[in-house]
Every structure is written in structure tokens, then in C-alpha cells.
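Order of the sequence lines sets the chain letters (A, B, ...), proteins ahead of strands, with each chain counted from 1.
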Amino acid sequence: MTATDVPTPSVMGDPDEGGRFGRFGGRYVPETLVPACAELEDAFREAWSDPEFIKEFNDLLRDYAGRPSPVTECHNLSAELGFRVLLKREDLNHTGSHKINNVLGQALLAKRMGKTRLVAETGAGQHGVATATAAALLGMECIVFMGEVDIKRQALNVFRMRLLGSEVRPALSGSRTLKDAVNEAMRYWVAAVESTYYCLGSVMGPHPYPWMVREFHRVIGNEAREQCAELLGPESNDGVPDVVVACVGGGSNAIGIFSGFADTNAELVGAEPSGGAAVGRQVPGVVHGSMSYLMQDEFGQVQEAHSVSAGLDYPGVGPEHAHLAEIGRARYEPVTDTEVIEAFQLMSRTEGIIPALEPAHGLAWMVKAKDELAGKVVLLNMSGRGDKDVAQVQAILDGDAEALETMRS
Amino acid sequence: MTATPTPATWTPGPLEAALRAKRDEGRKLLCPYVMGGYPIDDWPRLIEGFASVGADALEIGIPFSDPVMDGPTVQEASTLALDNGTDPTTVLAGVATTEPGIPLVAMTYYNICFHMGHERFASSLKQAGISGAILPDLPLEEVDDWARVADAEGIETVMLAAPTAPDERLPRIVSRSRGFVYGVGLVGITGERAELASSALEMARRLKDTTDLPVIIGIGVSSPEQAAEVAEVADGVVVASAILRRMLEGGSPEDAIEFVGQLRAALDSV
């Protein structure tokens with residue numbers, strides 16, 4: 001076979017047989033979990049080609065999660081920034097973020113596989129709440145691991161999970177944030193792999209998770225593509241926004257919206273917290289089951305991310321993002337906590353929409369890049385609503401010392 | 001899915017040769033664990049100490065920030081080591097000062113190896129006098145790139161086999177494994193258990209039916225009695241948490257060495 005015989009995979013197509021997007025991805029798990037990952041891959045492939053499963057999933061997205069989520073044009077913000085701002089309103093989904101798409105898909109799959117218990121990790125609590133919700137709906141047991149630091153930062157979400165009938169277990173090791181919650185969830189899964197389904201919350205982890213989670217979030221991009229076409233009309237770049245922006249921690253909401261525009265000329269921009277900018281640092285590494293970009297020290301010890309947003313407080317990033325960065329299809333820009341807090345207020349004040357701190361990262365980049373964006377159409381994935389963050393932001397704005405400690409500027 | 005099979009010209013490295021020779025004499029193999037960097041300052045003398053009371057090989061842990069296969073005991077020891085400034089180079093330098101007279105096997109997570117670079121990691125192990133490597137998050141499907149380099153450098157990569165593996169997988173694991181095959185004694189992470197899991201014996205039986213390589217069982221082997229029980233079927237045992245816990249609870253390195261001596265005596269009674 002010569003180089004020219006190698007088919008060019010389409011951007012954001014399926015990963016290769018080993019679960020790789022370019023050189024990133026793979027399945028770096030303890031031997032105990034290898035058969036479970038393979039079983040999951042087979043089950044997902046089978047379900048994802050079964051019209052009945054897809055119908056069941058789509059019905060839940062519509063009737064339970066409230067999809068499709070609208071695209072909102074932000075006239076006030078557009079006037080203030082000098083470019084046209086559109087929001088994909090994932091904040092209006094049931095449970096308040098995009099996370100519900102993935103968990104409904106995975107919980108249906110878990111049930112189909114005959115598993116009775118879900119285990120999940122959570123950072124800000126959004127994925128934990130979403131998983132607890134799906135477990136309640138489908139009558140499954142649910143255990144959510146959450147870093148002890150995050151449990152304090154997001155007390156309301158902890159209560160929500162418990163109210164929904166889930167058990168919340170603190171991750172007490174390491175930085176006691178999302179990375180450690182993933183470690184604990186994986187350890188739990190290693191020990192309970194036969195009965196338990198690991199409902200991973202982002203486009204990370206061992207194959208098939210990065211691919212499967214993307215497929216469950218593809219609905220964001222598919223809907224947005226159609227909605228933008230209708231809103232913008234064919235005369236405006238064929239109905240495609242010039243720039244599509246999303247925040248990136250693990251990167252699930254970004255992958256979801258990017259997937260709808262990968263084959264267009266839209267520029268794809270991921271906003272990373274400056275204290276957790278795995279793509280920005282461009283050092284490859286392996287943790288939590290896949291090869292990707294990873295914040296690490298000179299010896300390969302994983303570093304602790306720092307972000308005001310618990311949901312982005314993660315030192316790695318989904319492998320497909322590393323690939324999109326490497327091939328130049330998407331770019332990744334850092335924003336500081338201070339810029340995020342300003343964007344959080346700006347969105348609230350101008351549009352009457354209180355964003356979660358995570359999508360406020362996307363807006364923070366847009367504010368910074370407003371000269372570059374002048375006159376363009378920019379679609380931001382409003383991945384979650386800000387109710388969970390209001391108390392924290394209030395404390396920060398009041399100059400509360402402990403709250404300020406969560407910031408890095 | 002193309003794990004490199006054992007080449008026809010393969011000759012066992014020093015780890016496998018030493019373990020086979022002892023096993024073939026009827027000795028049960030004891031492979032205790034030393035965490036590089038824990039206890040601070042004392043850990044290198046555990047290497048010679050464990051060897052002096054009858055260890056046949058040693059696992060040398062290079063601590064990693066995110067050890068997903070490890071339970072609370074190994075996590076605590078590795079955190080203490082890292083907090084004391086331990087890194088792969090200090091561990092290898094410490095190992096190089098010892099002369100245990102038995103083969104050593106590095107045990108760490110793949111990112112430590114990947115970040116250093118396969119060639120450099122392999123040659124660093126060799127320079128430190130280490131003959132093998134165990135990378136528990138580098139399964140058969142991902143091991144080839146490293147294993148090619150390790151084979152060329154003469155570092156024996158020990159593969160893990162777990163109770164969850166279907167029968168068809170075991171021959172592929174053992175044919176890729178060098179030195180010995182590490183049978184995972186239970187479905188779970190490292191740590192002591194009150195009783196030996198029945199899966200440990202089952203794992204040992206399945207592996208013994210599959211290969212002539214030394215079969216060593218670890219994870220959940222917590223006491224001399226349990227070591228003896230599993231060695232009725234397996235060729236030997238790895239013990240880690242039970243050793244570390246004694247020191248984490250305030251025991252001295254001598255206490256740990258004495259415990260390893262007890263493990264030896266139990267294995268000799270099999």
C-alpha cells in the first residue's frame with residue numbers, strides 16, 4: 001500500500017479500529033477493564049445502528065430533555081460587541097446543561113446491556129445531576145464520585161443528586177477535584193465491572209467513550225446547523241456561522257457543536273481556562289484511558305488544573321480535540337478567571353441570561369477577540385445555565401477571600 | 001490487535017531465567033514490592049533487606065500522580081513519596097546504589113514511560129540494574145510500541161492477566177509477556193483483603209493451563225497464609241499493600257523485612 005492509497009478520513013468521522021483520532025485516543029486501561037470496554041464498544045455499535053434504540057433516544061431527548069433547544073440571537077450583546085452573537089441554548093435542557101444528552105444515551109445503553117447500576121464522576125455537578133436524573137428515570141442505582149473541593153463549591157448540586165436518589169461519594173485523593181473523581185470512578189468500575197456501567201461524562205476516557213459521547217452530543221451540532229441555516233439564510237455564508245465557539249474542559253459540549261460544522265468553512269474555537277489549558281500546552285500524555293494533550297510536569301506526573309469553574313477544572317482534554325488542534329481544524333484559546341467573571345456579568349446584564357461559568361469562558365474569548373470578530377456571525381454553545389454558580393460568583397464579587405482562592409487570573 | 005508473538009529466537013532474559021530456574025527447583029517465588037521514595041531515605045535498604053530474607057525478585061514502584069489500579073495503601077505511600085520530591089530519576093538513582101543479587105522489575109504507569117520516551121525509559125531502567133517493567137495501564141492492544149523497544153533493549157515487559165479475560169485472550173497475553181505473567185488475583189484494585197479471593201486460585205489455574213512461563217499472582221494477597229494458599233496453584237506471589245501498610249502504620253523497615261521473611265517461610269511450607 002502506498003501513501004496515496006490511504007483513505008483520508010473525514011474530519012470528525014469515526015475513530016480507527018483502535019479508537020484513535022489521528023495519534024490520539026486508544027484504550028489505556030487496566031487489563032481488568034479491557035473486556036468491558038470491548039463489550040461496551042460492541043453494544044454501542046449495535047445499538048447505534050438499531051432504529052429502535054435511536055427512536056427511544058430521540059423520544060427521550062424530545063419529551064424528557066425538551067429538545068430541540070433553540071438558537072437565540074443576542075441583539076443587545078451583538079450591539080455591544082460589534083458582531084452577531086447567536087447562542088445554542090443547551091442551558092434550557094432539562095437539568096440545565098448539555099450533559100443530559102449523553103447520560104440519556106448511556107443510561108439507555110446500560111439498561112440494554114443488562115446493567116443495574118451507574119457510576120459517574122462529576123466536577124461542577126452537572127454531569128452528576130444528569131446521571132442521577134437518568135438513573136431515577138430508568139430505575140437504576142447510581143453512585144457519583146465528586147472531589148471533596150467540588151462538593152464544597154457545588155453544595156446545591158450535591159443535594160440535587162441525593163434528592164434524585166443517588167449516592168454522592170467524596171474523592172479524597174490528590175487535588176480532590178474532577179481528575180480525582182475520575183480516578184475513584186475508574187477504581188470503582190475496576191472492582192464492580194460485571195454489574196456496573198461507567199457513565200463517563202465527557203469525550204474522554206478509553207475507546208469507545210470519546211466517540212460514543214460525541215455521538216450522543218452530535219444532536220447539538222445537527223440542530224444548530226439547521227437552525228442557523230434557517231436564521232441566517234443562504235446569503236449569509238450559506239447559512240453557516242463564521243465562527244463556532246465553545247468552552248473546553250474535557251470538551252463534550254464543544255465536540256457536540258463542532259460535529260455539526262466540521263465539514264463547513266466555520267472556524268471552530270475552543271475556550272480553555274488558562275489554568276487548565278491542556279491543548280494550549282500541547283504536551284501529549286496518557287491518563288484516564290486515552291492519549292491526548294495533558295498538563296504534566298517534567299516527569300509526566302499529572303498536574304492539577306486550576307479554574308474558577310469546577311466543570312473545566314481538568315488537566316486533560318478529549319483526544320479528538322487534541323487531533324482537531326493538531327490538524328488545524330479547531331483552535332484553542334485560553335481565558336483567565338477574571339475575564340470569565342466579567343463575561344458572566346456581561347451576558348447576564350445584556351441578555352437576561354445567566355450563563356454557567358463554563359460557557360462564560362466562550363464569551364470571555366469572544367470579548368477578547370472582538371476586533372478579530374468584527375462584522376462576523378458567531379455561534380456560542382451556551383452549554384449550561386448559571387444558577388449553580390450564582391452563590392460562588394456573588395462571593396467572588398463581594399471579595400470573599402475563600403471564593404477568590406478558587407480564581408486564577 | 002497485533003501483539004507481537006514471542007519470536008522463535010527468543011531467549012529468556014535474566015528475570016525469566018532466574019525465576020524459571022528457581023521454580024523448576026520446586027521453590028515458590030516471592031516478589032515483594034518496594035515503593036521508590038517511601039519510606040524516605042530508608043527505601044533503598046528495603047531492596048537488599050527483602051533480598052536477604054528470601055525474595056526472588058522485587059517490584060520497584062515508581063510513584064505516579066494518578067494510580068488508577070491502586071487502592072488507598074499504595075496511593076498513600078505514593079503520595080508521600082511524591083510529596084517528598086521523589087521522581088523517576090531519584091528512584092532509579094536509589095536503585096542503582098543497591099546490590100540485591102535478585103532481578104528487579106519496575107512498576108509504574110505508562111505516562112511516566114511515555115513522557116520520558118520509550119528508548120530513554122528502557123535504557124534508564126537498564127542502567128539502574130532493573131530487568132523488567134510492569135505497566136498496568138498498557139494492555140495488549142497498546143503495548144506494541146513500547147514492547148518493541150523494551151525487547152530490543154533487553155527489558156522484560158511483564159503483562160497482566162485478569163479474571164475478566166475470556167479464555168481466548170490468555171494465550172495472547174502470555175505470549176507477549178516476558179519474565180513472568182502477572183495474574184490479577186481479583187476483580188478490583190490493589191489492597192489487602194480479609195480472605196484470599198477464589199478468583200486468585202482460578203486465575204492461577206487458568207494461567208498454569210495456558211503457559212509454561214512462571215505464573216505469579218498479585219493484588220489481594222495479604223498475609224503469609226494467603227500467600228501459601230495461592231502458591232498451592234501459582235508459582236509465586238506479589239505482595240505490596242500488606243508490606244506498605246505496616247510501615248504507614250508506624251512500623252520500621254526492619255518490621256517490613258521481618259514480614260517478608262514470614263511470607264518466605266509460608267511459601268517454603270507449600
Least distance between heavy atoms, A:Gln301 atom then B:Phe64 atom: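 That closest heavy-atom pairing would be OE1-CA, 3.2 Å.
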
Passing option when A:Thr32 is tested against B:Val187, B:Leu186, B:Leu160 for side-chain contact (heavy atoms from CB on, under 4.5 Å):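 For A:Thr32, the side-chain contact (heavy atoms from CB on, under 4.5 Å) check succeeds only for B:Val187.
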
Considering only heavy atoms, which portion of [X] lies under 4.5 Å from any heavy atom of chain A: side chain, backbone, both, or neither?
X	answer
B:Ile173	side chain
B:Pro67	both
B:Val68	both

Residue among B:Glu142, B:Met69, B:Glu76 with most heavy-atom pairs under 4.5 Å to chain A: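 Most heavy-atom pairs within the cutoff with chain A belong to B:Glu142.
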
Contact leader toward chain A among B:Leu138, B:Val184, B:Leu135, B:Asp87, where contacts are heavy-atom pairs under 4.5 Å: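 Of the options given, most contacts go to B:Asp87.
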
How many angstroms lie between atom [atom1] of [X] and atom [atom2] of [Y], to the nearest 0.5 angstrom?
X	Y	atom1	atom2	result
A:Asp180	B:Asp66	CG	CG	6.5 Å
B:Phe114	A:Gln296	CZ	CD	8.0 Å
B:Gln75	A:Leu172	CD	CG	10.0 Å
A:Phe299	B:Thr90	CZ	OG1	7.5 Å
B:Asp70	A:Ser173	CG	OG	11.5 Å

Contacting region of [X] [heavy-atom separation from chain B under 4.5 Å]:
X	value
A:Glu298	backbone
A:Val182	neither
A:Pro206	neither

Side-chain heavy-atom pair B:Leu140, A:Val34 within 4.5 angstrom cut-off: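 Not touching, per the 4.5 Å side-chain cut-off.
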
Heavy-atom check, side chain of A:Leu294 versus side chain of B:Asn111, under 4.5 Å: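 Yes. Closest side-chain heavy atoms under 4.5 Å.
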
Atom CZ of B:Arg205 with >12 non-hydrogen neighbours under 6.0 angstrom: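 It does: B:Arg205 CZ has more than 12 such atoms within range.
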
Neighbour count >12 (heavy atoms, 6.0 Å) for atom CD, A:Gln282: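 Counting neighbours around CD of A:Gln282, more than 12 heavy atoms of other residues, nucleotides or ligands fall under 6.0 Å, so yes.
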
Do the side chain of [X] and the main chain of [Y] share a donor and acceptor less than 3.5 angstrom apart?
X	Y	answer
B:Ser65	A:Val302	yes
B:His115	A:Gly285	no
B:Thr164	A:Pro35	no
A:Glu31	B:Asp137	no

